[in-house]
Structures are given as structure tokens and as C-alpha cells.
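Notes for the one structure printed next.
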Amino acid sequence: ARLMLAWRGLIVTHALGGSAAACSTELAAHESTGACPLLPSEYPQGSTRRLRIASVSLASDTTLIHLLGAEQLVAVSWVVDWAEYSPHVGAVPHNLPRLTGNAESVAALHPDLAVVAEYSTPGIGAALRAVGVPTFALTASQSLDEILDEVQRLGACIGVAPRARDWISDLRARVSA
């Protein structure tokens, strides 16, 4: 039960100005090239260039820390240090900036990608895109399958699809146990 509660609000359908189906179609169209449609084409999947990713919600903190490690992020949400909500208390370097959902603070970091949650900070994705920051937006999930699909899409977008698949397999096994 605890695992399920931790996952209920974690990640959801990908919002790129349209429906989840439209986003899935757009991502599928780019799978053959290995490029994430949200990032400039010079950052293909598998690139050795380290992406500068800003995480603006606890859901994206959790997913990105599992997929990349905290050391690969340029910022995390301010909630990452709250013991009542975060499984990452003490695991994220204190010198890593904490974001409050303010679009200007995120943009000032000049990230290659900002992963935001429209359900907790409405409008932040549009504000960041308006100033040229590529954005992967999370919305409220309705099922565990939607959560895991989102993890897979984000993993593919940032070039760690195999790691995302492995984590999803592990999570499904833990839920089934």
C-alpha cells in the first residue's frame, strides 16, 4: 500500500499543448531519430553531453533522481527537503538550488529542459516555453499505468529509456508482490 500511495501523484500524462494521445504520437514520430521533440535536435538520445535539467515538482524530482541521480540536475523543487513528503531528504546536495515554481527563477538557470507539474503550478510550462525554455509538463495521473507511461516517455526524452524500462519493470514487480 505504501508504494502505491507514493506513486499516486508521481507522474502522469505528458502535456505538450495537446492530449496524451497527440503527445505519444509526436514522441513516437521522433523515436526513429532518437531525438526528444522537446529539446533542440543537437541533444539526441545517447548524447554524451550532459543535459541541464531543472526539476520543479517533487514528482519530477523523484523520477529524475531515479533515472539520472541528483548530481545531474541543476535544480530541484523546494519540497525535496520535506520529510513528510519526500523520500529524498538528505540525499540531494544542499548547494543544488531549490525552486518554488517561479518561472523566472527556473529560466535564470538556463536549463536545457525544465520538468514541471502543471497540476501544482498552473501556467509555468507556458511561461517557460514563452521565454524559450524547453518544457516537459506533468499532469494529474489517473492510474498506475499512466504514471509508468510517463516515466517511460520522460526517460526516452532525456536519453535513458533503458534505465526507465528497468525501473518500471522493478516497480511493476514490487506492486505485484
Side-chain angles (χ1 to χ4, degrees), residues 1-16 20-21 23-28 30-32 34-39 43-93 96 98-99 111-120 135-177:
R2 184 164 187 218
L3 176 66
M4 190 60 170
L5 287 175
W7 278 97
R8 267 311 279 161
L10 180 60
I11 304 288
V12 287
T13 57
H14 180 223
L16 182 62
C23 295
S24 297
T25 302
E26 183 169 343
L27 282 168
H30 289 276
E31 284 178 357
S32 62
C36 176
L38 303 176
L39 296 175
Y43 309 132
Q45 287 184 356
S47 171
T48 57
R49 184 194 181 283
R50 183 176 149 198
L51 294 174
R52 295 178 37 80
I53 301 175
S55 175
V56 188
S57 74
L58 184 57
S60 55
D61 293 343
T62 298
T63 303
L64 291 165
I65 288 169
H66 278 282
L67 294 177
L68 297 172
E71 63 279 354
Q72 292 196 21
L73 301 176
V74 296
V76 293
S77 75
W78 61 279
V79 187
V80 78
D81 297 314
W82 281 26
E84 309 88 75
Y85 302 108
S86 175
H88 309 294
V89 174
V92 177
L96 196 62
R98 274 35 176 190
L99 299 170
D112 295 319
L113 179 68
V115 182
V116 302
E118 291 289 341
Y119 56 84
S120 64
T135 304
F136 189 102
L138 310 175
T139 60
S141 66
Q142 300 301 310
S143 71
L144 181 61
D145 286 338
E146 286 181 6
I147 293 167
L148 299 179
D149 287 347
E150 185 71 11
V151 169
Q152 186 61 53
R153 284 191 293 273
L154 181 56
C157 184
I158 60 175
V160 294
R163 193 174 305 152
R165 277 192 299 275
D166 290 347
W167 188 34
I168 290 166
S169 293
D170 177 61
L171 291 168
R172 285 193 187 282
R174 290 171 57 194
V175 167
S176 296

Spacing of Leu73 atom CG and Leu51 atom CG [to the nearest 0.5 Å] | 10.5 Å
Looking only at heavy atoms, which two atoms of Trp167 and Thr62 are closest? And how far apart?
-> CH2-O, 4.2 Å
Quick one: CD on Glu150 to CG on Asp145, what's the gap to the nearest 0.5 Å?
-> 13.0 Å
Take Leu154 and Leu64 through the test side chain to side chain contact (heavy atoms under 4.5 Å, CB included) and record every step on the way to the result.
-> CA-CA 9 Å; Leu154 181 56; Leu64 291 165; 4.1 Å; yes
Nearest atoms (heavy-atom pairs only) where Ser55 meets Leu99 | O-CD1, 3.7 Å
Sequence neighbours left out, what passes salt bridge (Lys or Arg N to Asp or Glu O under 4.0 Å) with Arg165? Give chain and number order.
-> none
Please lay out, stage by stage, how Leu171 and Val151 fare under the test side chain to side chain contact (heavy atoms under 4.5 Å, CB included).
-> CA-CA 11 Å; Leu171 291 168; Val151 169; 5.8 Å; no
Heavy-atom closest contact (Gly155 atom, Ala164 atom, distance) = CA-CB, 4.0 Å
Run the numbers on Ile53 and Phe136 for side chain to side chain contact (heavy atoms under 4.5 Å, CB included), then give the verdict.
-> CA-CA 10 Å; Ile53 301 175; Phe136 189 102; over 6 Å; no
Hey, does the side chain of Arg98 reach the backbone of Leu96 with a donor-acceptor pair shorter than 3.5 angstrom?
-> yes
Contact summary for Leu68 and Arg163, nearest pair of heavy atoms = CA-NH1, 4.0 Å
Nearest 0.5 Å please: distance from the CD1 atom of Ile65 over to the CD atom of Glu71.
-> 9.5 Å
Under the side chain to side chain contact (heavy atoms under 4.5 Å, CB included) rule, what do Val76 and Asp81 come out as? Steps first, then yes or no, please.
-> CA-CA 10 Å; Val76 293; Asp81 297 314; over 6 Å; no
What residues, two or more places apart in sequence or in another chain, satisfy salt bridge (Lys or Arg N to Asp or Glu O under 4.0 Å) together with Asp170?
-> Arg174
Kindly give the heavy-atom pair with the smallest separation between Gln142 and Glu146, and that separation in Å.
-> N-OE1, 2.8 Å
